[in-house]
Number of protein chains: 2
Amino acid sequence: MDQQKICPRFEKALKILNHSWNTLLIYQLLEGPQRYSTIKNQVGISSRVLAERLKELEIENIVNRTVIPSTPVMIEYELTEKGHALAPALKAIEQWSSTWVNIEE
Amino acid sequence: MDQQKICPRFEKALKILNHSWNTLLIYQLLEGPQRYSTIKNQVGISSRVLAERLKELEIENIVNRTVIPSTPVMIEYELTEKGHALAPALKAIEQWSSTWVNIEE
DNA sequence: TAAACTAAGTTACGAAATGTAAGTTAAAAA
DNA sequence: TTTTTAACTTACATTTCGTAACTTAGTTTA
């Protein structure tokens with residue numbers, strides 16, 4: 001009666017990527033390692049949610065967190081290998097958006 | 001001071017795709033045209049949100065809605081050309097998930 | 001010596017989005 | 001006449017989100 005259910009790995013991937021802001025954060029980090037405040041300014045996300053998402057992405061091993069011992073401390077975030085491996089997917093979305101998405105209305 | 005901001009088209013694409021369930025719904029519809037109840041059962045989404053999302057995807061011209069005049073009426077949903085054009089992006093995510101995502105803990 | 005400044009968060013709280021379960025509609029089969 | 005069905009819709013409780021103010025500790029400024 002049931003057809004094939006959706007693959008659990010794919011479903012988990014979407015659960016991570018579709019959690020609001022996550023894809024945009026990964027996209028932003030494709031530019032290279034960046035500090036908390038830089039990401040915040042570039043992406044336009046709130047402190048609360050940014051901290052929450054970076055923690056999530058760190059736990060998922062998509063993002064790496066490095067403390068720079070200065071005063072005050074700075075924190076640098078960068079993509080892991082797993083994170084970088086998302087580049088083709090993001091480029092595909094970028095490609096799609098440039099062809100199909102229009103902003104005017 | 002500011003570096004380059006994120007492209008508005010890409011940002012809009014993510015806004016649509018990252019709205020919860022949307023990507024999964026599109027992925028499901030890659031299988032072919034399907035009725036409301038089929039989608040609901042396959043994806044495991046609630047009635048309320050499914051109706052809401054299908055409406056959104058229809059407005060975005062990603063999904064097409066067709067009434068089948070039976071009793072009771074059936075509704076068939078299918079991807080538009082714009083919707084089908086997302087296949088490469090979804091395949092890229094699928095590819096990534098098969099390499100990098102594991103479910104066990 | 002004290003007040004001000006900084007980066008990276010955290011907290012409190014109201015607003016918006018989500019899940020759950022029950023209700024609606026119209027025609028046809030029982 | 002009651003029941004059934006598909007595709008929603010509604011009401012309501014729970015969860016998530018955005019906003020803005022607060023925290024922490026070492027350093028420069030007054």
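Quantities reported herein were computed from a predicted structural model and do not represent experimental measurements. The chains referred to below are lettered A, B, ... by the order of the sequence lines, with proteins before strands, and numbering in each begins at 1.
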Between A/Leu24 and A/Ile26, does a side-chain contact (heavy atoms from CB on, under 4.5 Å) hold up when you go through it step by step? CA-CA 5 Å; A/Leu24 208 52; A/Ile26 294 165; over 6 Å; no
Do B/Glu58 and B/Tyr77 have side-chain atoms, one donor and one acceptor, less than 3.5 Å apart?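 Their side chains do not contain a donor-acceptor pair, so the 3.5 Å distance test is not met.
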Polar side chain donor-acceptor pair, B/Gln28 to B/Gln34, under 3.5 angstrom: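 Note: B/Gln28 and B/Gln34 side chains meet the donor-acceptor criterion.
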Any side-chain N or O of A/Trp21 less than 4.0 Å from the OP1 or OP2 oxygen of D/dG18?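 Answer is yes, contact under 4.0 Å.
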Rounded to the Å, how far apart are [X] [atom1] and [N] [atom2]?
X       : N      : atom1 : atom2 : result
A/Asn18 : D/dC17 : CG    : P     : 12 Å
A/Arg53 : D/dC17 : CZ    : C1'   : 8 Å
A/Ile45 : D/dG18 : CD1   : C1'   : 10 Å
A/Lys15 : D/dT16 : NZ    : C1'   : 14 Å

How would you label the contact of B/Ser20 with the nucleic acid (heavy atoms, under 4.0 Å): base, sugar-phosphate, or nothing?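 Since only primed, P, OP1 and OP2 atoms lie under 4.0 Å of B/Ser20, the category is sugar-phosphate.
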In the hydrophobic cluster built from side-chain contacts under 4.5 Å, what are the other members alongside A/Met74?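 ILVMFWY cluster around A/Met74 also holds A/Ile68.
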With no hydrogens and no angle check, is any side-chain donor or acceptor of A/Thr23 less than 3.5 Å from a backbone partner on A/Leu17?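 Yes; judged by distance alone, with no hydrogens or angles, the pair exists.
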Just by modelled atom types, is the B/Val101 backbone N or O under 3.5 Å from a matching donor or acceptor in the A/Arg9 side chain?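 At least one qualifying donor-acceptor pair exists.
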Taking only N/O atoms, report every protein-nucleotides 7-13 of chain D pair under 3.5 Å with atom names and distance.
{"residue": "D/dA7", "atom": "OP1", "partner": "B/Arg35", "partner atom": "NH1", "Å": "3.4"}
{"residue": "D/dA7", "atom": "OP1", "partner": "B/Ile75", "partner atom": "N", "Å": "2.8"}
{"residue": "D/dA7", "atom": "OP1", "partner": "B/Ile75", "partner atom": "O", "Å": "3.4"}
{"residue": "D/dA7", "atom": "OP2", "partner": "B/Arg35", "partner atom": "NH1", "Å": "3.4"}
{"residue": "D/dA7", "atom": "OP2", "partner": "B/Ser37", "partner atom": "N", "Å": "3.1"}
{"residue": "D/dA7", "atom": "OP2", "partner": "B/Ser37", "partner atom": "OG", "Å": "3.0"}
{"residue": "D/dC8", "atom": "OP1", "partner": "B/Arg65", "partner atom": "NH2", "Å": "2.8"}
{"residue": "D/dC8", "atom": "OP2", "partner": "B/Tyr77", "partner atom": "OH", "Å": "2.6"}
{"residue": "D/dT9", "atom": "OP2", "partner": "B/Lys55", "partner atom": "NZ", "Å": "3.3"}

Salt bridge (charged side-chain N to carboxylate O under 4.0 Å, His left out) between B/Lys55 and B/Glu52, worked out: CA-CA 5 Å; B/Lys55 210 169 287 174; B/Glu52 206 173 284; over 6 Å; no
Could you tell me from which nucleotide to which nucleotide of DNA chain C, 5' to 3', there is an atom under 4.0 Å from chain A heavy atoms?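 Endpoints of the contacted stretch of DNA chain C: C/dT6 to C/dA12.
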Criterion side chain to side chain donor-acceptor pair (under 3.5 Å) on B/Glu94 and B/Tyr27, from CA distance to verdict: CA-CA 10 Å; B/Glu94 199 175 29; B/Tyr27 183 77; 2.3 Å; yes
